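First up is the structure itself, then whatever we jot down about it.
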Amino acid sequence: MIFLTGVTVLLFALTVDARVGESTSDSFCTETKECLQYDLVCAGKEYEVRHYGAVKWVTTEAESIFMDVAIPKAFRKLLKYITGENEAGAKIDMTAPVIIKVNASATMLQSSVYVLSFLLPSEYQANPPKPTDPSVYFTDTPDMKMYVRSYGGWMMSVVAKSQAKSLKTALDSLKATYETDYYYNVGFNSPMKLLNRHNEVWFIPKGEPVCPKSE
Ligand SMILES: *[C@@H]1O[C@H](CO)[C@@H](O)[C@H](O)[C@H]1NC(C)=O
């Protein structure tokens with residue numbers, strides 16, 4: 001009985017670790033030691049469907065008319081958290097991706113809240129040190145499937161919006177249903193990387209996801 005319990009605990013620990021893992025398994029996740037892992041469900045030209053496990057993030061938010069203004073502010077706060085401004089004084093590795101939750105109904109030239117999250121590395125998934133900044137907090141994303149569209153270059157507001165629109169068009173044409181209140185802009189690269197940059201837009205499926213048409 002004791003032996004069985006031990007095995008169960010070990011299996012559970014392995015499962016948790018597998019959600020955030022070595023970056024080598026992913027061609028576009030090259031800059032950090034660990035990345036968010038997923039299983040590919042199906043892929044087409046316009047988008048793919050992925051399956052992610054439940055993970056924990058460190059999060060903050062900033063409000064602006066422009067995403068490009070809000071994000072650097074929020075980014076600095078999270079950078080402080082991982083570089084030691086936490087109750088343990090711990091230095092926490094940067095991981096990828098970084099995700100930005102975007103209010104889908106906010107129109108152009110309207111101030112909007114952008115919620116930025118850094119993925120916690122596997123070492124800190126279960127028990128991250130408390131932030132000292134009260135505007136920094138933890139969020140959990142559940143085990144979920146995701147509609148994902150990838151693009152290169154820089155994630156400027158206009159580009160990200162147009163990619164979200166393309167994903168929406170592709171999903172609508174297949175009558176796929178998804179969360180319409182918000183979506184995610186997802187970045188994998190530091191500003192220092194100039195070539196082969198990789199970004200994504202994520203829509204959350206409602207109900208069983210629809211696979212893209214095969215070409
Ligand atoms: C999203 O934007 C709409 C339109 O401005 C606003 O009414 C709504 O409260 C916002 N939702 C959130 C969660 O901020």
Side-chain angles (χ1 to χ4, degrees), residues 19 36 38 46-47 49-82 85-86 95-120 125 128 130-151 153-188 191 199-210:
R19 294 165 191 167
L36 183 60
Y38 63 87
E46 297 296 324
Y47 68 91
V49 177
R50 295 181 190 162
H51 179 204
Y52 286 100
V55 278
K56 192 181 285 295
W57 310 72
V58 61
T59 301
T60 194
E61 51 198 66
E63 187 173 348
S64 176
I65 296 174
F66 304 105
M67 180 179 80
D68 312 316
V69 173
I71 292 310
K73 276 194 226 165
F75 201 95
R76 276 192 293 275
K77 284 191 189 179
L78 295 185
L79 208 53
K80 280 186 178 166
Y81 171 79
I82 65 167
E85 283 193 23
N86 53 68
T95 58
V98 164
I99 62 173
I100 304 165
K101 190 174 176 180
V102 180
N103 182 338
S105 49
T107 56
M108 204 75 97
L109 301 184
Q110 188 178 32
S111 189
S112 180
V113 173
Y114 293 90
V115 184
L116 179 72
S117 299
F118 287 5
L119 177 68
L120 289 158
Q125 275 287 313
K130 268 180 83 175
T132 46
D133 180 342
S135 65
V136 174
Y137 53 94
F138 300 116
T139 48
D140 293 284
T141 47
D143 185 288
M144 62 187 167
K145 299 226 176 89
M146 197 68 90
Y147 290 122
V148 179
R149 181 179 170 84
S150 300
Y151 60 101
W154 296 83
M155 192 209 288
M156 313 296 276
S157 236
V158 259
V159 179
K161 271 213 175 85
S162 108
Q163 290 291 334
K165 206 171 167 202
S166 300
L167 179 53
K168 183 181 187 313
T169 304
L171 294 175
D172 289 351
S173 76
L174 295 175
K175 301 204 166 20
T177 49
Y178 49 88
E179 174 63 62
T180 52
D181 290 347
Y182 61 93
Y183 62 89
Y184 291 98
N185 288 328
V186 180
F188 286 83
N199 312 288
E200 294 171 351
V201 52
W202 290 358
F203 280 24
I204 299 160
K206 272 188 176 166
E208 211 29 53
V210 178

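Computed from a predicted structure; not experimentally measured. Just so you know, ligand 1 is whichever comes first in the structure, and atom 1 is the first atom listed for that ligand.
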(message) Could you work out, with side chain to side chain donor-acceptor pair (under 3.5 Å) as the rule, every residue matching Lys101, not counting sequence neighbours?
(response) none
(request) Indicate yes or no for a side-chain donor-acceptor contact from Arg149 to the backbone of Ala164 under 3.5 Å, with no hydrogens or angles considered. (result) no
(message) Within the protein, is there a heavy atom lying under 4.0 Å from atom 7 (O) of ligand 1?
(response)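 It does not; no protein heavy atom is within 4.0 Å.
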(request) Using side chain to side chain contact (heavy atoms under 4.5 Å, CB included) as the criterion, list what pairs up with Thr95, not counting sequence neighbours. (result)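 Thr95 satisfies side chain to side chain contact (heavy atoms under 4.5 Å, CB included) with Glu34, Leu119, Pro121 once adjacent residues are dropped.
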(request) Could you find the nearest protein heavy atom to atom 3 (C) of ligand 1 and give me its residue, atom name and distance? (result)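 Checking every protein heavy atom, the shortest distance to atom 3 (C) of ligand 1 gives Ser105 OG, 3.5 Å.
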(request) Please write down residue, atom name and distance for the protein heavy atom closest to atom 9 (O) of ligand 1. (result)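 Checked against all protein heavy atoms, atom 9 (O) of ligand 1 sits closest to Asn103 ND2, 4.8 Å.
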(request) Show which atoms of ligand 1 fall inside a sub-4.0 Å distance from at least one heavy-atom site of Gln110. (result)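 Taking each heavy atom of Gln110 in turn, ligand 1 has 5 (O) under 4.0 Å.
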(message) Could you check whether Lys145 pairs with Glu208 (Lys NZ or Arg NE/NH1/NH2 to Asp/Glu carboxylate O, under 4.0 Å)?
(response)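 Yes.
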